[in-house]
Structure formats: structure tokens, C-alpha cells
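As C-alpha cells, the structure follows; a few thoughts come after it.
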2 protein chains.
Amino acid sequence: MGAAAESSLANVPVFRHACGLCSLQGWCWPPGLQNGDLCRVHAIIRNIGPLPAGTHLFRVDDPFTALYAVRNGCIKSYTLDLQGHEHVRDFHLPGELLGFDAVYPERHHFNALVLKAASLCVIPYRDIAGLSRQIPGLQTRILALMSRDFARQQKCVEGLDATQQFAIFVFDVEARLQRENDVEYEFDLPMSHESIANYLRFSPETISRVISRLQQAGVIQVDREHVRILDVARLGQIADADQKNKSAGD
Amino acid sequence: MGAAAESSLANVPVFRHACGLCSLQGWCWPPGLQNGDLCRVHAIIRNIGPLPAGTHLFRVDDPFTALYAVRNGCIKSYTLDLQGHEHVRDFHLPGELLGFDAVYPERHHFNALVLKAASLCVIPYRDIAGLSRQIPGLQTRILALMSRDFARQQKCVEGLDATQQFAIFVFDVEARLQRENDVEYEFDLPMSHESIANYLRFSPETISRVISRLQQAGVIQVDREHVRILDVARLGQIADADQKNKSAGD
DNA sequence: CGTTAGTTTGACGGCACTCAAAAGTTGTGG
DNA sequence: CCACAACTTTTGAGTGCCGTCAAACTAACG
């Protein structure tokens with residue numbers, strides 16, 4: 001993942017608009033691959049975008065054809081229940097993959113909507129699956145990515161109160177956006193309060209109240225979508241609340 | 001246990017204590033495989049048990065070595081949070097697999113405890129991964145199983161009230177236990193109320209209240225672990241209630 | 001027969017939801 | 001540039017579900 005690795009790859013024409021020059025190179029597909037193999041991987045990857053906000057990448061029950069890697073922007077994956085309520089499954093930020101859920105039974109289980117104009121790499125599934133039978137290590141890598149995606153969804157935050165969940169959410173997004181933000185603890189939330197509410201399973205009003213309270217307490221500062229964490233330590237305490245209550249406090 | 005398909009396989013010695021005689025044959029590993037390939041799969045599978053209730057199959061951070069298929073009994077996968085509260089991730093019933101979460105980074109993310117004496121097939125991961133590079137279709141099958149396991153965890157029931165979630169849970173377990181129960185809508189819950197509570201993220205008291213209410217209403221009948229669904233239609237209404245459907249009309 | 005663990009039932013309180021309305025923001029057209 | 005509409009966010013009041021605490025009860029085990 002050093003400059004040396006990238007410059008050596010830059011010589012290969014096919015990389016120009018693919019992973020070789022992509023900021024995600026080494027993240028999506030690790031440097032463990034041989035140069036020739038990397039070429040073969042890149043050869044099947046298509047580049048699309050920027051897609052404007054409001055575009056649907058795919059919808060529920062669409063046939064599964066590819067995995068997507070977000071280069072920039074933000075994608076929201078969600079479903080609608082029978083009452084029409086939106087359930088946000090995840091937000092996909094630059095450097096992240098989506099689509100693994102649909103490997104079986106080859107249909108998408110959720111909708112993918114562009115929240116913020118996004119460019120993506122499209123990785124045709126049949127092609128990459130075929131390649132993985134030929135390139136040692138690629139199969140393991142795919143399984144690993146899938147398993148990691150799996151594990152992300154497992155994160156247990158249910159049962160915690162709204163303030164705590166929001167604090168965890170803010171830290172999570174902040175960390176995931178660090179790749180494209182120079183100032184630490186300061187970033188733009190690419191999604192609306194309503195989407196956050198649907199993600200954390202609270203009402204928009206509750207999210208609003210939480211933000212108000214944290215702002216009054218001087219923990220964070222919010223101006224429209226722009227967020228600044230003023231008191232990192234305090235927000236950290238709130239996010240980790242359950243741990244300290246038992247062991248340290250009493 | 002006796003069936004035509006099984007007797008034909010019984011001629012092959014290697015199947016004696018492996019998938020060939022297993023009631024799950026064709027479920028874990030589909031019949032799409034050639035006989036020779038099936039032999040190779042069976043050759044790497046070990047059979048253990050019965051393990052008594054209270055045995056840990058593995059614990060958090062144990063190195064990942066194998067997938068497990070439940071032949072009979074019941075396994076509970078769970079984690080303990082920092083306050084020592086148990087979070088049940090899933091119950092694994094006969095015919096189901098566990099272990100996929102640990103593919104990356106090759107450590108188990110949860111504990112697996114035997115709730116009801118269980119026999120299992122142990123599928124060493126390195127071996128099956130190696131085989132999948134040689135046997136066409138096996139890799140796809142593994143990905144499909146993993147993705148399906150993935151999708152199971154995605155089931156959105158959060159936000160629904162305790163009664164509705166419990167109704168859904170009862171139907172789910174009933175359907176999954178049908179393989180080993182002759183009487184429809186009548187089965188033994190292999191887990192305690194406390195475990196159910198930790199799975200559905202409610203308190204044991206709430207589960208108890210829900211059961212009492214459903215019993216008084218004549219919807220189900222519970223005697224210790226034995227459950228009988230008396231009014232399937234009514235319980236179905238409760239499970240599918242699109243929220244506002246209270247006891248209306250009848 | 002006594003102990004222990006799991007279950008049931010009641011009382012009380014808190015957090016988040018709903019309903020409702022006001023305030024702020026964005027986009028469009030005059 | 002302003003005015004208006006449509007939308008999002010904020011704030012308030014009231015309600016309900018579930019968690020906690022506590023005690024009575026039941027089954028299992030020695």
C-alpha cells in the first residue's frame with residue numbers, strides 16, 4: 001500500500017481508470033495478488049458514475065449480477081416493510097462494498113439508493129467467481145470480505161438508548177470517512193436525520209432531541225449536515241457507557 | 001430414518017457414519033455433486049457427539065477451524081457484553097450449519113453452547129475450502145450457504161412488539177423443527193424462556209407475560225417446554241400484524 | 001424434604017413513540 | 001431579489017410498552 005506499489009501499477013494502461021489508481025487499491029483487493037492476476041481482476045471491473053443523488057443502483061428482487069465498490073459519494077441500502085416504512089440496512093461510504101447479501105438466491109434483498117452523487121466500481125459476480133477458481137487466494141479473499149460484511153451487520157447495539165446509539169453512530173461514520181477528510185473529528189453527514197432515524201430504529205424526533213441535547217452539552221456542534229465533535233472524550237464515554245457503569249463507577 | 005435414497009447410499013462404506021445416512025444429506029451438500037466428489041467431501045467430515053447439554057462447542061476468540069452441521073439437539077450461539085448480559089445470536093436446530101461468521105478473521109465471534117444433547121458433523125474449513133477449488137459447484141454452494149446464513153440474520157423484526165415477535169419466533173421454530181416432529185403445530189422448545197428473551201431482546205418477564213396472554217386467549221398451549229399451537233390462524237394474524245391490527249372485530 | 005433455579009405475577013417508572021404545531025431551509029417562479 | 005410552497009427539523013405534551021424491582025410460586029435434584 002505504499003507509493004512504490006502504486007507507481008509500479010501505474011505503468012500498466014489497464015489500471016488507468018480501475019483499481020490501480022483507485023484510492024481503494026489494496027483495500028478491496030489486497031496486494032497479495034501477483035501483478036498478472038491483478039490485471040485479470042481489473043480487466044473485469046467496470047467503472048460507473050458519478051450517479052446523481054436519487055438514483056437507484058438496484059432494487060429489491062432485481063437479479064444479482066455484480067458487487068459494487070463505492071469510490072466516492074454515499075449509498076443507502078434499505079427495504080420497505082408492508083406498511084411502507086423504510087428500514088435502512090446500512091450506509092455505504094467510499095471504500096466499501098455492497099451486494100454480498102444477494103449471492104443467494106441471486107436476487108437483491110434490498111434497495112440501493114444514491115444519497116450523495118457517487119462513482120462506483122462494478123464487479124460482475126460471475127466473472128469474479130470464475131476468476132476465483134483460477135487465482136489462488138482470491139476465493140479466500142472474497143469469503144473474507146463477505147464474512148467481514150456479515151460481521152458488520154452483527155454489531156449489537158440494540159437495547160441501548162438513543163443517545164448512546166447516536167454517539168456510536170457518529171464515531172463509526174467519522175472513522176469511515178477519515179479517508180476523505182483532512183480535519184479529524186469534523187465531517188459531513190451524507191444522510192438526513194430521517195435516514196439516521198430509520199437506520200437506528202428511532203423516530204426522527206428522537207434523533208433531533210438527541211442532537212439538541214448533545215449540542216447544548218457542548219459535546220458536538222452541528223450545522224446542517226456538518227458535524228464537529230467538540231468533546232471527543234465525553235462522546236466516547238457516552239458511546240461506551242455500558243462498560244464503565246459496572247466496572248469503574250460503583 | 002429409513003428411506004430408499006439412503007439405502008442406495010448405504011452400500012458405500014464411507015457413508016456409514018457420514019452424510020450418506022444423515023437425515024440432512026442433500027440439504028447440507030446438494031445432490032448435484034457426482035458420487036465420487038461426494039465421497040471426497042465425506043472423507044473430510046468428522047462426526048462428533050452426542051455432546052451433553054452445557055458443553056461449549058467453541059468460545060469467542062477460539063481459532064476458526066471448522067463449520068458444524070447439527071444432526072440433532074440444539075446449539076445456542078451467543079455473546080456476553082461487558083456487563084455480562086447474554087445476547088443470543090441464534091439457535092441452531094437439526095439440519096442447520098454454524099460457523100460461517102468466523103471465516104474472517106479466522107476467529108469465532110461468539111460462543112456456541114449445547115442446549116440439548118447434540119450430535120454434529122465437523123467440516124474442517126481448510127479441507128472444504130481446498131476441495132472447493134477442485135470440485136466445480138462446491139464453491140458456489142459454500143457461498144450460497146454463507147449468503148443464506150447471512151440473510152437469516154437480516155430478518156427485520158426489530159421495532160415490533162413482544163407479542164408479535166414471539167409469534168414469529170414460534171412459527172419459525174415450528175417450521176424448522178418439522179423435520180423431526182410428526183405432529184404439526186406441536187413441538188418442544190429446546191431453549192429456556194430466558195434464552196428466548198435474550199434472543200428477542202426482551203426481559204424474561206416480558207416473554208412470560210406474552211405467553212400467559214396467548215394462553216389465556218386460547219391461541220397456544222404451553223406445558224413446560226412443550227408447545228401446541230391451538231389457533232394457527234390467530235397466531236398467524238398476530239405474527240403478520242402490520243402494526244395497528246389490534247384485537248379488532250372478533 | 002429442603003434447596004435451587006426458572007417462571008409467574010404485580011407495581012412502578014422511564015424512554016421513546018405519536019400527535020401536533022412552529023420554525024428553519026431549499027427550490028421555484030414571478 | 002423576493003415570495004411562496006414543500007420539505008426537513010425542532011420542540012412540546014401526552015401515552016404506551018417494556019424494563020426493573022420484588023415477591024410468590026413451581027418444578028427438578030439430591
Side-chain angles (χ1 to χ4, degrees), chain A residues 52-54 76 81 83-88 115-116 157-167 169 188-217 220-227 238 241-242 245-246 250, chain B residues 52-54 76 81 83-88 115-116 157-167 169 188-217 220-227 238 241-247:
Chain A
K76 169 174 82 175
D81 63 24
Q83 305 119 57
H85 294 153
E86 179 180 282
H87 293 255
V88 176
L115 285 187
K116 194 178 154 193
V157 288
E158 304 149 41
L160 308 180
D161 69 35
T163 305
Q164 189 170 351
Q165 288 204 41
F166 181 77
F169 175 76
D188 289 336
L189 279 178
M191 68 294 284
S192 68
H193 288 190
E194 192 181 8
S195 285
I196 297 174
N198 290 338
Y199 176 63
L200 298 180
R201 309 299 169 90
F202 290 108
S203 66
E205 294 95 326
T206 296
I207 300 298
S208 181
R209 279 182 244 273
V210 164
I211 293 176
S212 295
R213 228 174 294 135
L214 288 174
Q215 225 171 166
Q216 280 171 35
I220 63 175
Q221 187 181 33
V222 180
D223 177 39
R224 306 301 293 155
E225 68 267 19
H226 195 72
V227 176
I238 294 170
D242 39 286
N245 287 347
K246 267 283 157 76
D250 42 356
Chain B
K76 169 175 82 176
D81 64 23
Q83 303 123 66
H85 295 153
E86 178 180 285
H87 293 255
V88 175
L115 286 187
K116 192 177 155 193
V157 291
E158 303 150 41
L160 308 181
D161 71 30
T163 304
Q164 190 171 351
Q165 288 205 40
F166 182 77
F169 175 76
D188 289 336
L189 279 177
M191 68 294 285
S192 68
H193 289 190
E194 192 180 8
S195 286
I196 297 173
N198 291 337
Y199 176 64
L200 298 179
R201 309 300 169 92
F202 290 108
S203 66
E205 292 93 328
T206 295
I207 300 297
S208 181
R209 278 183 246 271
V210 165
I211 293 176
S212 294
R213 231 174 291 136
L214 288 174
Q215 228 173 161
Q216 280 170 36
I220 62 174
Q221 186 181 34
V222 180
D223 176 37
R224 306 300 293 154
E225 67 267 21
H226 195 72
V227 177
I238 294 170
D242 296 344
Q243 73 183 350
K244 43 172 85 172
N245 281 349
K246 287 261 195 153
S247 43

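Just so you know, these numbers come straight off a predicted model, no measurement behind them. First the proteins, then the strands, lettered A, B, ... as listed; each starts at 1.
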Output the rounded distance in Å from CD1 (B/Ile211) to P (C/dG6).
15 Å

Would you check if A/Leu189 and A/Ile196 make a side-chain contact, meaning some heavy-atom pair closer than 4.5 Å?
yes

Sole candidate of B/Leu160, B/Thr206, B/Val210, B/Asp161 that passes side-chain contact (heavy atoms from CB on, under 4.5 Å) when paired with B/Phe166:
B/Val210

Testing D/dT8, C/dT8, D/dT10 for proximity to the side chain of B/His193, the answer is C/dT8

Can you check whether B/Ser208 has a side-chain N or O nearer than 4.0 Å to OP1 or OP2 of C/dT9?
no

Residue A/Glu205, side-chain atoms from C-beta onward, closest of C/dC15, C/dA20, C/dT8
C/dA20

Under 4.5 Å between any side-chain heavy atoms of A/Gln165 and A/Phe202, yes or no?
yes

On DNA chain C, more 5' by nearest nucleotide between B/Arg209 and A/Arg213 is B/Arg209

Do B/Arg201 and D/dG19 share a donor-acceptor pair, side chain to base, under 3.5 Å?
no

Taking only the side-chain nitrogens and oxygens of A/Thr206, find out if one of them lies under 4.0 Å from OP1 or OP2 of C/dC17.
yes

Close side-chain approach of A/Glu194 and A/Pro204, heavy atoms under 4.5 Å:
yes

Are the side chains of A/Lys116 and A/Glu225 in touch, meaning some heavy atoms are under 4.5 Å apart?
no

Considering only heavy side-chain atoms of B/Ser212, the closest of C/dT8, C/dA11, C/dT7 is C/dT8

Please report the distance, rounded to the nearest Å, between CZ in A/Phe166 and P in C/dC15.
18 Å

Nearest-angstrom distance from the residue atom CG of A/Leu115 to P of D/dT8
13 Å

Whole angstroms only, please: what is the CG-P distance between A/Asp223 and C/dG24?
14 Å

Figure out the CD/P separation between A/Glu194 and D/dT8, and round it to whole Å.
6 Å

Contact nearer the 5' end of DNA chain C, comparing A/Glu225 with B/Ile207:
B/Ile207

Does OP1 or OP2 of C/dT26 have a side-chain N or O of A/Arg224 closer than 4.0 Å?
yes

